[in-house]
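Below, read A as the first sequence line, B as the second, and so on, with proteins coming before strands; counting in each chain starts at 1.
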2 protein chains.
Amino acid sequence: MPTTGVPRGTSARGQQRRQALLEAAAELIIEDGFSAVSHRGIAQRAELPLAATTYYFASLDDLLEQALRHLAASWLDQARSRLAQLPAHLNGQRRLAEAVLLVAIATPDGDERDAGQDGLALYERYLEAGRRPHLRTVVAAYNHEVDLMLREVLRRGGLPHDVRTARLLLAQVDGAMLRALAEGVDPVPVALAAVTDLVRLLSR
Amino acid sequence: MPTTGVPRGTSARGQQRRQALLEAAAELIIEDGFSAVSHRGIAQRAELPLAATTYYFASLDDLLEQALRHLAASWLDQARSRLAQLPAHLNGQRRLAEAVLLVAIATPDGDERDAGQDGLALYERYLEAGRRPHLRTVVAAYNHEVDLMLREVLRRGGLPHDVRTARLLLAQVDGAMLRALAEGVDPVPVALAAVTDLVRLLSR
DNA sequence: CTTGGACTTGTACGGTCGTACTACTTTCGG
DNA sequence: CCGAAAGTAGTACGACCGTACAAGTCCAAG
């Protein structure tokens with residue numbers, strides 16, 4: 001269903017333009033943060049006129065919500081493809097911890113990145129959703145999917161794979177990452193150490 | 001040292017006004033979020049003219065940094081006073097988990113609040129610090145103090161009280177709180193359950 | 001070919017923003 | 001008591017913002 005009562009952008013070209021705007025918005029969210037995204041910024045990034053942003057989307061809120069949905073979907077896609085590449089049995093706490101990070105952190109190009117600014121967007125979604133109720137369902141659905149994947153990782157590691165444990169893992173990753181990002185430390189090693197500790201506790 | 005080379009607000013009245021502005025800014029950060037705070041909003045809240053905000057502070061960034069410092073200090077004060085009221089021995093995993101939350105979460109009026117919007121500011125500091133390097137030291141120092149208090153709580157609970165364990169606890173609280181806030185769930189019970197699980201793992 | 005609706009886009013409106021500036025008042029050492 | 005410095009505050013400037021709108025183009029149905 002379209003964003004307004006009036007049909008907008010139903011043609012092939014229209015859908016292309018919508019998509020271009022959403023991707024531009026997603027990039028800006030990652031680079032500059034949620035609150036720094038504007039109609040004009042999106043239009044410039046997508047190389048489209050300003051008015052295109054108001055033609056295809058009812059409001060900036062609407063655009064941002066759909067952009068977040070787009071982001072979450074691509075994050076999930078990546079996490080799923082990473083999970084698919086993992087072996088059926090994860091031996092060793094270190095290997096298990098690495099697998100947890102692979103599905104819990106959706107960095108753009110794998111773990112080679114230092115995730116300087118990019119990681120922030122991953123967590124800004126929490127804040128933004130807390131403030132804007134209509135984003136909550138998006139985040140809740142995303143987190144639920146991550147829970148499921150983490151349970152699968154736990155299962156492959158021979159650990160208890162109930163929901164509580166999965167949530168424990170995700171919260172640990174989020175908390176450790178966020179702290180490292182805030183303190184200007186490389187977040188991935190910090191999160192890896194934290195998750196390794198937690199995995200060690202779980203396998204006692 | 002003053003915020004600029006020129007001495008500003010050294011008089012008694014000047015210091016009062018500075019403080020009023022900082023407190024107004026802190027309240028606005030908590031209520032509306034970091035990015036929604038403006039010179040005009042602060043001035044209105046403090047019942048001072050707009051120009052007072054630019055007279056006492058070199059820039060909005062400067063004002064926000066000092067406001068965050070003010071907030072962190074008051075959070076630490078509260079956490080310290082709560083820690084002081086705790087018994088010397090914390091018996092039981094539930095009691096220990098509650099103690100962890102008491103020092104790790106600086107809600108304004110204790111745990112009676114549902115921490116609807118207020119909790120967000122606690123975590124928005126992470127995001128803002130990640131984006132603005134000069135805020136990192138503030139957050140890092142705050143977190144370090146919380147680490148120390150959590151180690152004391154662990155000690156009173158008869159659990160290993162090294163830094164790693166304290167960081168594990170804080171990350172768990174932060175991750176669980178943030179998720180609950182984002183999903184619109186009452187965050188304190190969620191965090192309590194998560195910390196209880198972690199404490200159970202630690203005391204095995 | 002015509003015509004009506006979808007699509008496109010330059011432009012403009014009203015608003016808020018950070019900050020600078022200019023007068024005015026208060027304070028206080030000499 | 002006075003003059004300089006500090007403090008105070010009203011106002012203005014340029015920039016950016018979300019959004020509305022009118023005038024244009026395009027295209028398929030009649």
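The CD atom of B:Q16 sits 18 Å away from the P atom of C:dT26 (whole-angstrom rounding). Atom CZ of A:F57 and atom C1' of C:dC7 are 15 Å apart (whole Å). Taking atom CG of A:L21 as the reference point, atom P of D:dG18 lies 14 Å away to the nearest angstrom. When the C1' atom of D:dG7 is taken as reference, atom CZ of B:R18 falls 13 Å away, rounded to whole Å. Following rounding to the nearest Å, B:L60 (CG) and C:dG18 (P) show an atom-to-atom distance of 5 Å. The interatomic distance linking A:L63 (CG) with D:dT19 (P) rounds to 10 Å, in whole Å. Atom CG in B:L28 sits about 11 Å away from atom P in C:dC17, given to the nearest Å. As a whole-Å value, the separation of A:I42 CD1 from D:dC17 C1' is 12 Å.
The pair B:R151-B:D162 does not meet the salt-bridge criterion, since no charged nitrogen lies less than 4.0 angstrom from a carboxylate oxygen.
By the 6.0 Å contact criterion, CZ on A:R200 is enclosed, its count of non-hydrogen atoms from other residues, nucleotides or ligands being greater than 12. The environment of A:R95 atom CZ is sparse: at most 12 non-hydrogen atoms of other residues, nucleotides or ligands sit within 6.0 angstrom.
A:D62 and A:S59 share no donor-acceptor pair across their side chains, judged by distance under 3.5 Å alone.
With distances taken from any side-chain atom of A:Y56 to the nucleotides D:dT19, C:dT8, C:dT19, the minimum falls on C:dT8. In this structure, of C:dT8, C:dG18, D:dG18, it is C:dT8 that holds the atom nearest to the side chain of A:Y55.
Taking the side chain as every heavy atom from C-beta outward, B:Q172 and A:Q172 approach each other to under 4.5 Å.
In this structure, B:S38 does not reach the C:dT16 phosphate: none of its side-chain N or O atoms is under 4.0 Å from OP1 or OP2.
Heavy-atom minimum distance, B:A25 versus B:A67: CB-CB, 3.8 Å.
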Using the 3.5 Å cut-off, write out each protein N or O paired with an N or O of nucleotides 9-15 of chain D and the distance between them.
{"residue": "D:dA9", "atom": "OP2", "partner": "B:R17", "partner atom": "NH1", "Å": "3.3"}
{"residue": "D:dA9", "atom": "OP2", "partner": "B:R17", "partner atom": "NH2", "Å": "2.6"}

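Of the possible donor and acceptor atoms, one in the side chain of A:E124 sits under 3.5 Å from a partner among the backbone N and O of A:F34.
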